[in-house]
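Quick notes on the structure that follows.
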Amino acid sequence: MANFLLEIGTEELPADFVDSAIAQWDSKIKDNLKSEFLEPTEIKIYGTPRRLAVLIEGLAEKQPDREEEIKGPPVTAAFKDGKATPAAEGFARKQGVSLEDFQVRETEKGEFIFIQKKMMGEATKDILQRLVPQWITGLEGRRFMRWADDELRFPRPIRHLVALWDSEILPLELNLGTNVLRSDRISTGHRVLHPATVVINSAQDYVATLEKASVLVDVKTRYKKIEEEIKHLATLVKGKAEIYPDLLTEVTNLVEYPTPVLGKFEAEFLQLPSEVITTVMVTHQRYFPIKDEKGGLMPYFITISNGDPTKSDIIATGNAKVIRARLADAQFFYQADCDEHLETYLPELENVTFQEDLGTMHDKVNRIIGICQQISEQLGLNELQKSEVESTASLCKADLVTQMVYEFPELQGIMGEKYALKSGESPTVAKGIFEHYLPRNAGDIMPETLNGQIVGIGDRIDTIVGIIGLGMMPTGSSDPFALRRSANAIINITWHGNLEINLEELLTQACEDFVTSHPDKKSPLNAIQEFFTQRIHTLLQDELNIDYDLVNAVLGDNDSEYITRALTNLLDIRNRALFLQEIRNNGLLSQIYETVNRSTKLAVKGSLKTDELEINQVINPEYFESNSEQDLYQALQKLAPISQEAKRESNYQLLIDGLLEINPIISNFFDGENSVLVMAEDEKIKTNRLNLLGLLRNYSRVLADFGAIVK
């Protein structure tokens with residue numbers, strides 16, 4: 001068994017690419033080796049800002065010898081009049097076999113020629129020489145570049161290539177235009193702590209050799225070292241470090257030999273809102289804040305150095321100067337902004353473009369106000385609540401033109417809340433300004449105030465209608481305006497707050513307003529309805545963990561009735577899906593599944609519309625030939641009002657109880673002593689029976705399309 005090492009030495013890679021490349025290699029290399037019948041004992045992938053590497057341990061010298069079954073031409077093409085055709089002879093010649101080696105097998109597409117061919121295992125080194133260039137050039141990511149006259153695309157220029165088969169250099173070449181980069185055993189150490197080149201004697205020595213050159217190639221080792229030392233440094237000032245996982249991951253991929261450094265700034269800056277300080281530290285400087293035992297910020301920070309650990313004091317002083325300047329700017333912006341009432345910034349929104357064809361942020365705010373007024377009416381808010389919602393909507397974007405948010409865009413909404421309170425607005429209005437941005441991403445907190453929920457929905461409806469109205473529907477992975485996230489947020493906010501809003505009505509009005517202001521455009525309503533239906537489907541299945549067939553059952557397949565119903569009452573679609581999942585889990589669904597599902601599928605053969613509920617209009621008892629028809633007719637008369645009450649009260653247990661009660665009658669209709677043939681020869685009798693089943697389907701549809709449910 002042998003070990004193989006590959007290292008790509010580069011200029012400093014983007015931090016996010018390091019993690020991405022490791023994940024890509026982890027999948028690709030395993031799959032490639034498996035497809036080549038190679039089973040190493042372990043694959044270890046490493047990455048730093050200046051290198052990507054893989055160490056494959058326990059590789060066989062060659063593939064195992066094996067027999068493969070190879071499919072040839074169809075028998076009809078291989079033989080004619082009992083003689084081999086040129087197609088058969090060519091296949092035999094290509095595979096190095098004789099015609100006597102042919103085996104005839106029956107397949108789904110007819111009889112074909114097969115051969116059993118013994119394959120000699122290829123040398124593993126030869127396989128690696130073929131695969132490695134693909135591993136390098138196959139990496140994907142953003143902002144790839146070319147350098148010199150090289151056609152190879154990579155995030156940063158590649159400077160060296162190490163490839164070792166145990167202690168032997170495995171010859172590899174990368175074509176870099178006029179230059180060819182050839183593999184060697186020469187690597188590089190830490191840029192500051194070990195600027196000299198490094199000779200790697202064998203693949204197995206890689207990690208230890210680089211560590212002696214002040215490079216920790218293992219991401220997990222660097223991550224753990226940083227985390228432990230950050231925690232220790234914080235205790236030196238009797239504090240606790242605020243360790244953000246995303247930041248810790250980022251700094252781990254920015255250094256090769258990490259040295260956490262404790263720094264300090266003036267306590268007077270703690271008078272700034274804590275969100276401002278942490279934004280400066282975390283987002284702009286990549287520092288870790290330190291908090292006291294009560295959770296308050298302390299005038300300290302921890303930065304991660306990639307330099308000389310003996311120079312930590314100098315590094316701390318330099319970083320302190322940087323953050324001091326940033327906090328001084330923030331202090332100036334904050335004081336200047338607080339000198340003005342938040343409302344005075346509103347006219348300046350006319351100078352901020354929302355979207356070229358949708359006007360300014362001032363125009364957007366006016367549209368948001370209109371949508372929020374409509375939502376307030378739907379929810380039946382009192383005058384005080386309506387007034388506070390309107391104030392929140394009016395001021396929700398005002399902080400965008402403050403000096404603080406201009407400098408630190410991440411603080412939008414956060415500063416809006418602070419400045420609203422400074423301006424004398426009610427806590428409800430102030431909180432709503434911040435919360436209307438929530439949730440900002442998957443897993444974020446949800447808005448809790450009614451103001452924040454309503455204005456957040458209004459803001460997102462305006463964006464979705466405007467952008468899709470202009471023809472910029474998200475496609476594939478491209479969603480520059482984050483419309484999917486906005487639609488998800490609208491649905492989740494409604495579900496979280498149990499808001500009884502009519503989204504269909506809101507979208508209809510917003511689309512009408514869009515067409516009024518853009519007479520050259522068509523209404524985007526149909527496209528938006530479909531867009532929201534897709535988002536509901538995804539959220540039910542992925543976030544609420546509803547089985548796929550039950551989601552299909554409550555949403556239907558291009559069923560306009562169900563789509564309209566879902567958008568009209570988002571709470572109902574959620575509740576029906578959850579209820580279906582519940583009765584599947586507790587076994588109730590299985591008790592009625594066979595009969596109701598069978599009835600629903602047979603009803604499709606009839607012509608009864610799904611919205612027909614009047615039994616006396618479509619059933620003629622004179623055409624009954626069996627007691628089972630009369631029994632089902634009477635059972636449906638009893639089920640009809642139960643079905644409507646279940647829908648009206650959103651109490652679908654009533655419907656299930658009713659279906660359970662008549663289930664024996666339905667079963668007898670199909671298979672009992674008095675069962676009938678639904679598809680009778682007499683058209684009137686057949687139609688009558690299909691209508692009975694159609695009514696059962698229609699009464700059941702208040703909960704779901706049972707025909708879409710898979711047992």
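In this chain, residues are counted from 1 in sequence order.
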Using a 3.5 Å distance criterion without hydrogens, assess whether the side chain of Trp495 forms a donor-acceptor pair with backbone atoms of Arg574. no
Do the rings of Phe79 and Phe102 sit parallel, tilted or perpendicular, given the 30° and 60° boundaries? perpendicular
Enumerate the salt bridge (charged side-chain N to carboxylate O under 4.0 Å, His left out) contacts for residues 513-537, please, sequence neighbours excluded, ordered by first and then second residue. none
Can Arg697 be said to sit on top of Phe706's aromatic six-ring, NZ or CZ under 6.0 Å from centre and within 45° of the ring axis? no
I'd like to know if Asp549 and Arg584 make a salt bridge, using a cut-off of under 4.0 Å between side-chain N and carboxylate O. yes
Do any N or O atoms from the side chain of Gln581 and from the backbone of Asp547 form a donor-acceptor pair under 3.5 angstrom? yes
Asn691 side-chain N/O to Gly694 backbone N/O, donor-acceptor pair under 3.5 Å: no
Does CD belonging to Glu106 count more than 12 external heavy atoms closer than 6.0 Å? yes
Give a yes or no on whether the backbone of Ser628 and the side-chain of Asn674 come within a donor-acceptor separation of less than 3.5 Å. no
Answer yes or no on whether Arg105 is positioned over the face of Phe112, meaning its NZ or CZ is under 6.0 Å from the six-membered ring centre and within 45° of the axis. no
Please answer whether the main-chain N or O of Leu571 pairs with a side-chain N or O of Asn575 as donor and acceptor at a distance below 3.5 Å. yes
Please determine whether a side-chain nitrogen of the Lys or Arg among Asp705 and Lys601 lies less than 4.0 Å from a carboxylate oxygen of the Asp or Glu. no
Taking only distance into account, with no hydrogens and no angle test, what donor-acceptor pairs under 3.5 Å do side-chain atoms of residues 608-619 form with protein atoms, sequence neighbours excluded?
| from | atom 1 | to | atom 2 | distance (Å) |
| --- | --- | --- | --- | --- |
| Thr610 | OG1 | Glu561 | OE1 | 3.3 |
| Glu612 | OE2 | Glu614 | N | 3.0 |
| Asn616 | OD1 | Tyr633 | OH | 3.1 |

Does the Lys NZ or Arg CZ of Arg701 fall within the cation-pi geometry relative to Tyr562 - under 6.0 Å from the ring centre and within 45° of the axis? yes
